[in-house]
K.L.:
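Input: one structure, supplied below.
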Amino acid sequence: MRPLLNRELVLEAPVRVADGAGGFSESWAALGTLWAEVSARTGRERDAGGVAVAQTGYRIVVRGAPVGAPSRPMPDQRFREGARVFRIEAVAERDGGGRYLTCFAREEALA
C-alpha cells in the first residue's frame with residue numbers, strides 16, 4: 001500500500017557553534033523539506049526533574065533517498081512542523097526497493 005504523503009516537514013540536523021569561550025552551543029540547520037505520512041504509535045508520561053513530560057512515538061514515512069544523500073533522514077536528526085519537533089530515533093527501509101523510508105521518531109512536549 002502506498003503511503004499518503006500529505007504533511008510537509010523540514011528535516012534538520014544538529015550543528016555545533018563555538019561560543020568563543022572554549023565551549024559550544026547546539027543549533028539546528030534545515031536540510032530541506034520532505035513530504036511525509038505521520039502516524040502516532042504510543043504515548044506515555046514521565047517525570048523530568050519535577051516536571052511532567054508527555055512523550056508520543058510516531059511513525060513517519062518519507063520517500064526513499066540514497067545512503068549519504070542529505071535528504072535521507074538519520075537518527076539524531078529531527079523533523080519540524082511549525083512549533084512541533086519530532087526527534088528521529090531510527091530509520092528503516094519500508095520496502096525492498098527502498099522507495100520509502102520509515103522513521104521512528106518521538107515528539108516531546110511539556111505537559
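As a basis for the values below, the full set of heavy atoms in this structure was taken, side chains included, without hydrogen atoms, waters or symmetry mates.
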K.L.:
State, yes or no, whether a side-chain contact exists between F79 and L11 at a heavy-atom distance under 4.5 Å.
P.N.:
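Yes. Closest side-chain heavy atoms under 4.5 Å.
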K.L.:
Minimum heavy-atom separation for C103 to V62, with atom names?
P.N.:
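So the two residues come closest at SG-CG2, 4.5 Å.
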K.L.:
Given side chains that start at C-beta, do those of L9 and V38 come closer than 4.5 Å, heavy atoms only?
P.N.:
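Yes - at least one pair of side-chain heavy atoms lies under 4.5 Å apart.
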K.L.:
Can you confirm whether more than 12 heavy atoms, excluding those of D76, are under 6.0 Å from its CG atom?
P.N.:
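Incorrect, the count does not exceed 12.
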K.L.:
Of all the heavy-atom pairs spanning P73 and S71, show the shortest one and how long it is.
P.N.:
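Minimum heavy-atom contact is CD-O, 3.3 Å.
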K.L.:
Could E26 and R16 be called an ion pair, given the rule that one side-chain N must be under 4.0 Å from one carboxylate O?
P.N.:
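R16 and E26: not salt-bridged.
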K.L.:
Provide the closest heavy-atom pair for G64 versus L101 in the form atom of the first, atom of the second, distance.
P.N.:
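Where G64 meets L101 most closely, the heavy atoms are CA-CG, 3.8 Å.
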K.L.:
To the nearest 0.5 Å, what is the distance between CE (M74) and CG (L31)?
P.N.:
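Going from the CE atom of M74 to the CG atom of L31 covers 8.5 Å.
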K.L.:
Mark yes or no: R80 above the aromatic ring of W28, with NZ or CZ under 6.0 Å from the six-membered ring centre and no more than 45 degrees from the axis.
P.N.:
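Output no; distance or angle outside limits.
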K.L.:
Apply side chain to side chain contact (heavy atoms under 4.5 Å, CB included) to the pair F104 and T102, showing each step before the final yes or no.
P.N.:
CA-CA 6 Å; F104 299 93; T102 300; 3.7 Å; yes
K.L.:
When you compare the side chain of P3 with that of Y100, does any pair of heavy atoms fall below 4.5 Å?
P.N.:
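Result yes, sub-4.5 Å side-chain heavy-atom pair found.
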K.L.:
First locate atom CZ of R106, then atom CD of E89, and finally report the distance between them rounded to the nearest 0.5 Å.
P.N.:
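Taking CZ in R106 and CD in E89, the distance rounds to 5.0 Å.
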K.L.:
Start with the C-alpha distance between L5 and R63, add both sets of side-chain angles, then the distance that settles side chain to side chain contact (heavy atoms under 4.5 Å, CB included), and finish with yes or no.
P.N.:
CA-CA 9 Å; L5 306 178; R63 290 194 190 282; 3.7 Å; yes
K.L.:
Between R84 and E107 (salt bridge meaning N to carboxylate O under 4.0 Å), is one present in this structure?
P.N.:
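A salt bridge links R84 with E107.
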K.L.:
Following the transitive rule for hydrophobic clusters with a side-chain heavy-atom cut-off under 4.5 Å over Ile, Leu, Val, Met, Phe, Trp and Tyr, establish whether L34 and I88 coincide in one cluster.
P.N.:
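The answer is yes; both residues are in one hydrophobic cluster.
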K.L.:
From E37 CD over to R59 CZ, what is the distance, rounded to the nearest 0.5 angstrom?
P.N.:
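Going from the CD atom of E37 to the CZ atom of R59 covers 9.5 Å.
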K.L.:
Taking atom CZ of F86 and atom CD of E12, what is their separation to the nearest 0.5 Å?
P.N.:
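It comes to 12.0 Å.
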K.L.:
Minimum heavy-atom separation for E93 and R72, please, with both atom names.
P.N.:
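That closest heavy-atom pairing would be OE2-NH2, 3.8 Å.
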K.L.:
Nearest 0.5 angstrom please: I60 CD1 to R41 CZ, how far?
P.N.:
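Result: 9.5 Å between the selected atoms.
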K.L.:
The test is side chain to side chain contact (heavy atoms under 4.5 Å, CB included); show your working for W35 and E8 and say whether it passes.
P.N.:
CA-CA 5 Å; W35 287 94; E8 189 175 17; 3.8 Å; yes
